[in-house]
Amino acid sequence: MITNIEKYAMENHVPIMQKDGIEYLCNFILENRIKNILEIGTAIGYSAIKMALMDDNIHVTSIERDEERYRIACENILKMQLENRITLIYGDAMTTMVAGEFDLIFIDASKGHSIDFFNRYTPYLKRDGFVVTDNLSFHGLVEDERLAVTKNQKGLVKRIKRFIDFLDTNPEFTTEYVSVGDKISISRRK
Ligand code: SAH
Ligand code: MG
């Protein structure tokens with residue numbers, strides 16, 4: 001079943017987490033006994049399902065703004081019989097509301113808006129919770145800006161760099177970076 005989701009993602013160019021990245025994140029969830037997760041950017045439910053499968057006590061709330069992907073994610077979660085442990089929200093994470101307190105916020109949505117998501121959702125993070133953000137390398141373009149050719153790519157690289165700077169100078173959070181998948185950051189309160 002999971003392999004079907006991976007296959008669909010590959011064939012339809014859905015940018016799900018790369019294998020080593022999701023594996024790292026899942027181990028991190030186990031090691032830190034994380035139970036309540038908020039995900040920004042569900043796509044078709046791949047990472048939400050992978051995270052939920054780590055432990056029966058894990059609950060994932062995940063937000064997706066693309067209607068078709070949201071619909072496919074709902075189907076995948078039903079097929080996996082995880083509907084009691086994964087709550088999907090259809091909407092734009094820039095404006096949707098969530099309730100509760102989370103041990104982990106996983107930001108994996110539009111690459112240029114991570115600062116907005118970080119600021120909007122960290123009030124819902126537990127004192128000892130973590131914020132993990134994906135795609136800090138943007139396929140290597142962040143490390144080597146010359147690879148960014150289109151205006152769109154250049155703009156995104158600038159915004160990702162601004163996010164990294166935001167993390168590095170954040171008075172409340174301390175951040176480490178892990179080069180798995182497309183590179184992730186792990187932030188926690190000082
Ligand atoms: N976490 C998923 C992959 C997410 S891909 C996985 O690894 O399986 C990024 C998704 O974020 C896309 O489906 C896109 O539609 C969604 N997205 C982008 N901006 C968003 C926003 N502002 N609110 C909600 N979803 C958003
Ligand atoms: Mg990603």
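Worth saying up front: this structure is predicted, and the values here are computed from it rather than measured. One-based numbering, in listed order, for ligands and for the atoms of each. What you see below is based on every heavy atom in this structure, not just the backbone, and it leaves out hydrogens, waters and symmetry mates.
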Backbone N or O of [Y] within a donor-acceptor pair of the [X] side chain at under 3.5 Å?
X: Asn76; Y: Ile44; result: yes
X: Glu172; Y: Arg189; result: no
X: Tyr121; Y: Val131; result: no
X: Arg120; Y: Thr95; result: yes
X: Thr42; Y: Gly45; result: no

message: Name the residue from Thr175, Asn170, Thr122 that meets the side-chain hydrogen bond (donor to acceptor under 3.5 Å, both in side chains) definition with Ser187.
response: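 Considering Thr175, Asn170, Thr122, a side-chain hydrogen bond (donor to acceptor under 3.5 Å, both in side chains) with Ser187 is found only for Thr175.
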
CD1-CD1 distance between Ile49 and Ile5, expressed to the nearest 0.5 angstrom: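 Here the interatomic distance stands at 3.5 Å.
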
Modelled atom types, side-chain donor and acceptor of Tyr177 and Asp168, under 3.5 Å: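 Result is yes, a qualifying pair exists.
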
Sub-4.0 Å heavy-atom environment of ligand 1, residues by chain: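 Ligand 1 is contacted, at a heavy-atom distance under 4.0 Å, by Pro15, Ile16, Met17, Glu39, Gly41, Thr42, Ala43, Tyr46, Ser47, Ile63, Glu64, Arg65, Asp66, Arg69, Gly91, Asp92, Ala93, Asp108, Ala109, Ser110, Phe117.
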
field: More than 12 heavy atoms from other groups under 6.0 Å of NZ on Lys190
entry: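 More than 12 within 6.0 Å, yes.
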
- request: Could you please give the number of protein N/O/S atoms within less than 2.8 Å of the Mg ion (ligand 2)?
  value: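 Count of protein N, O, S atoms less than 2.8 Å from the Mg ion (ligand 2): 3.
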
